[in-house]
2 protein chains.
Amino acid sequence: MKSSPLNVAELKNINRHIILEKLRLCPLSRAELSVKTGLAKSSVTTLTNQMIDEGLLFEVGLAEKSNKAGRTRMLLGINGDFGYVIGINLHRTKISISATNIVGKILFEEIKPTSEFKNTSAAFDYIKGQISHQIKNAGLDRKKLLGIGVSAPGPLDCEKGIILTPPNFKLFNNFKIADELKAVFDCPVFLENEAVTLALYEHYCVEEQTNNTLFVTVSNGIGGALIKNGEVYRGSHGISGELGHITVDPNGEKCACGNRGCLEQYATLDALKRRFGFVGYEEMINGAIAGEEKPLLAMEFLIKTLGAALVCAVNLFDLDKIIISGEFDYKADWLTARLLEYIKSHSVICSMHSVEVLPSGQRGFTAHLAATLPALNGFFKKSLNFDFK
Amino acid sequence: MKSSPLNVAELKNINRHIILEKLRLCPLSRAELSVKTGLAKSSVTTLTNQMIDEGLLFEVGLAEKSNKAGRTRMLLGINGDFGYVIGINLHRTKISISATNIVGKILFEEIKPTSEFKNTSAAFDYIKGQISHQIKNAGLDRKKLLGIGVSAPGPLDCEKGIILTPPNFKLFNNFKIADELKAVFDCPVFLENEAVTLALYEHYCVEEQTNNTLFVTVSNGIGGALIKNGEVYRGSHGISGELGHITVDPNGEKCACGNRGCLEQYATLDALKRRFGFVGYEEMINGAIAGEEKPLLAMEFLIKTLGAALVCAVNLFDLDKIIISGEFDYKADWLTARLLEYIKSHSVICSMHSVEVLPSGQRGFTAHLAATLPALNGFFKKSLNFDFK
DNA sequence: TATAAATAGTTTTAAGCGTGAACTAATTAC
DNA sequence: GTAATTAGTTCACGCTTAAAACTATTTATA
């Protein structure tokens, strides 16, 4: 109801963030910033010098001489030491805690199996204790903690920061994790599902200019995260992207969700194992690539079911990029090429423009580090959400 | 690539629009505007007085006395005479042209069958001529034309304002209607599909606070428009919401889109007629309400197929409201109640929060008038799209 | 009827913003 | 060594919003 109008202070804040966003990827000179942001040279000088004084930026050094006439550019970069963010990845089998500074340098990481904790308070005590301990251990300034990101299995209430009632994950049932962490560490807390954090990774570190990307993670369930022009699309309640419950076969088995023949019953590794009797995905995909009959059958089944759901998503969201992550992200080119083929021949959208299907290809980058990204994103986007209504 | 940073002029513009947006629904006093917008009283005075000078606002009159101490509020309202917008609805069978002023008062409307035009230029000449003629006829000032909205059957390139290649609609094949109209009338032109314009109607004139609403129109095809917090969700290419091609039966008939068993083959009036041999929808729905066996069977078929697609949309978009418009918007309560029931028992989302299914209930308000809304929306939202990147 | 209290709206003043023009700084081409 | 070119700074200016003191108008109360 109440709006957030703009005053001059917020105006400045917004322009500062526009500069920050430009510098996130690589150092730039003041002159380049002026061109790229549209701000006057003098304004860039004022703002950047203030940010340097505050320790948020620093003068990286003179750019290489360019054979062009004129003074050499002084490159400005984001000062990683300005602050750091923490990522907590709550997984069904393990809890991980990690930290990176604002330019993504890893400061610490630690993983522990969930089996070690007998109840919520034990697990949460561990989290609190470990964060404090690691901050001290790494010699970090408590005041420079800019935010905590938490990724957890859905369903979540991202806005309120509550882990609702995830199946097979009783450890944090109905847990107000954002409030709890805020109370202890006095910093912004961002709760997201794992697909969203991985999608943010793709946006932050891999992609240049994505338009409308669906990030699909396949594990126990099948999650989807939609990123539109760098923004996470959220439904009414921050849930959205429940890809796993697209109907693949209206006459299929009953699913816990109330529907029949949901994608999750067909296109997960477990489902394929059950149906086709494989042990691991490597066996399946290698066999399929080699052209063996049985593995090919299984993969065709996967392509047909997952493909059908993706066609539905492409038609509804008008996607131009789909990124596959999770269980099937191994020798994934074979799968993605065939999924693309399926989508191309089954979607109306594809008659109008092209769609890409890509493997996430970030096996070096673990999901637990991605948990830091919502906090990083929060820092970089901070105070940009002024409201029109 | 290039950003649009904020300067003080744009800042003012934004705050002016925040005020305008508040006044769109009902007159308010300066004091109330101050509270609702968050702007200081003095700022509201400055801005509103300027807008009054420009003729955009006017003093409606003193509010009714309220038994409270203090000076009586002077209500401010939007001055309808400030300007007007034109809406052109290009339908397969008819072309309509209409105009309303900025507070929605109808200034003129005219409908003509498409059969009267033998080619594109004849039809477009008619449109140009009629607009000019009607503007003159109604005694309107050409300079006060604030924008033209065009609704047309998809596929469209809304951004570039091009009608692409709609099936069964050869009259405007690959027609750059926005450019053509801009050249003649020198004002902003907004091209949208009909579902979007109707959804905007729902947002502008009916709803108070919608969050995530899917607007479904059923006619020859089945279109969907998603409105999130008053913004139309657009996919990568302004298409999105291709609800009609959600797969309902993977083993169904081949569809022109390349897929099998698309919703459009089941849940349109034509499809139901083919399958169940009815003449009109009235017959079907009245029979179903009366409990007759055959009509009930047909309606159950409709509920199951349309319901399945809606479940898919609910799961993906995390909707909280679905509005049904078009062919089935007659005695629609019966249908919407049953669709809701179906969705509730088949969607994961519904286990977390409630979803509404409503008939659009705007049969008084014709689609051709809705064509004005993109232009109106453009006027009210103007210059609010500053870019972070 | 007078007065206090409350609310609406205006005026004045101040602090802060981005900008453009004029400036200095540093480099290359000739 | 000089001119041309690019990078970056300084400063006056016009603009913004906001806070405080102000006027205007109403109700409650005595």
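In the text below, chain A, chain B and the rest are named by the order of the sequence lines, each starting its count at 1.
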Return a table of donor-acceptor pairs under 3.5 angstrom between the side chains of residues 43-54 of chain A and protein atoms on other chains or two or more places apart.
unit_1	atom_1	unit_2	atom_2	d
Thr45(A)	OG1	Lys41(A)	O	3.2
Thr46(A)	OG1	Ser42(A)	O	2.8
Thr48(A)	OG1	Val44(A)	O	2.6
Thr48(A)	OG1	Thr45(A)	O	3.2
Asn49(A)	OD1	Arg30(A)	NH2	3.0
Asn49(A)	ND2	Thr45(A)	O	3.4
Gln50(A)	OE1	Lys12(A)	NZ	2.5
Glu54(A)	OE1	Arg16(A)	NH1	3.4
Glu54(A)	OE1	Arg16(A)	NH2	2.7
Glu54(A)	OE2	Arg16(A)	NH1	3.1

Quickly work out the [X] [atom1] to [N] [atom2] distance and round it to whole Å.
{"X": "Leu33(B)", "N": "dG9(C)", "atom1": "CG", "atom2": "P", "answer": "9 Å"}
{"X": "Arg73(B)", "N": "dA8(C)", "atom1": "CZ", "atom2": "P", "answer": "7 Å"}
{"X": "Glu59(A)", "N": "dA25(C)", "atom1": "CD", "atom2": "P", "answer": "16 Å"}
{"X": "Leu62(A)", "N": "dT27(C)", "atom1": "CG", "atom2": "P", "answer": "7 Å"}

Base versus backbone protein contacts along nucleotides 11-24 of chain C [heavy-atom cut-off under 4.0 Å; B, S, -]
B-----BSBB----
Any donor-acceptor N/O pair, Asn79(A) side chain to Phe58(A) backbone, under 3.5 Å
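Flag not set: sc Asn79(A) to bb Phe58(A) has no pair under 3.5 Å.
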Return yes if some donor-acceptor pair links the side-chain N/O of Asp157(B) with the main-chain N/O of Ile162(B) below 3.5 Å, else return no.
no
Which atoms form the tightest heavy-atom contact between Leu369(B) and Thr372(B), and what is the distance?
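Answer, listing the atom of Leu369(B) first, then Thr372(B): O-OG1, 2.6 Å.
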Side chains of [X] and [Y]: closer than 4.5 Å at any heavy-atom pair?
{"X": "Ile86(B)", "Y": "Leu107(B)", "answer": "no"}
{"X": "Val189(A)", "Y": "Ile177(A)", "answer": "no"}
{"X": "Leu75(B)", "Y": "Glu32(B)", "answer": "yes"}

What are the 5'-most and 3'-most nucleotides of DNA chain D lying under 4.0 Å from any heavy atom of chain A?
dT5(D) to dA18(D)
Consider side-chain contact (heavy atoms from CB on, under 4.5 Å). Of Phe379(B), Tyr84(B), Phe380(B), which one does Leu146(B) pass it with?
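That would be Phe379(B); it is the only one of Phe379(B), Tyr84(B), Phe380(B) passing the side-chain contact (heavy atoms from CB on, under 4.5 Å) with Leu146(B).
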Does dT10(C) have its OP1 or OP2 closer than 4.0 Å to a side-chain nitrogen or oxygen of Arg30(B)?
yes
Looking at dG9(C), I'd like to know if its phosphate oxygens (OP1 or OP2) sit under 4.0 Å from a side-chain N or O belonging to Ser34(B).
no
Taking for Gly70(A) and for Glu32(A) the nucleotide of DNA chain D with the nearest heavy atom, the one nearer the 5' end belongs to Gly70(A)
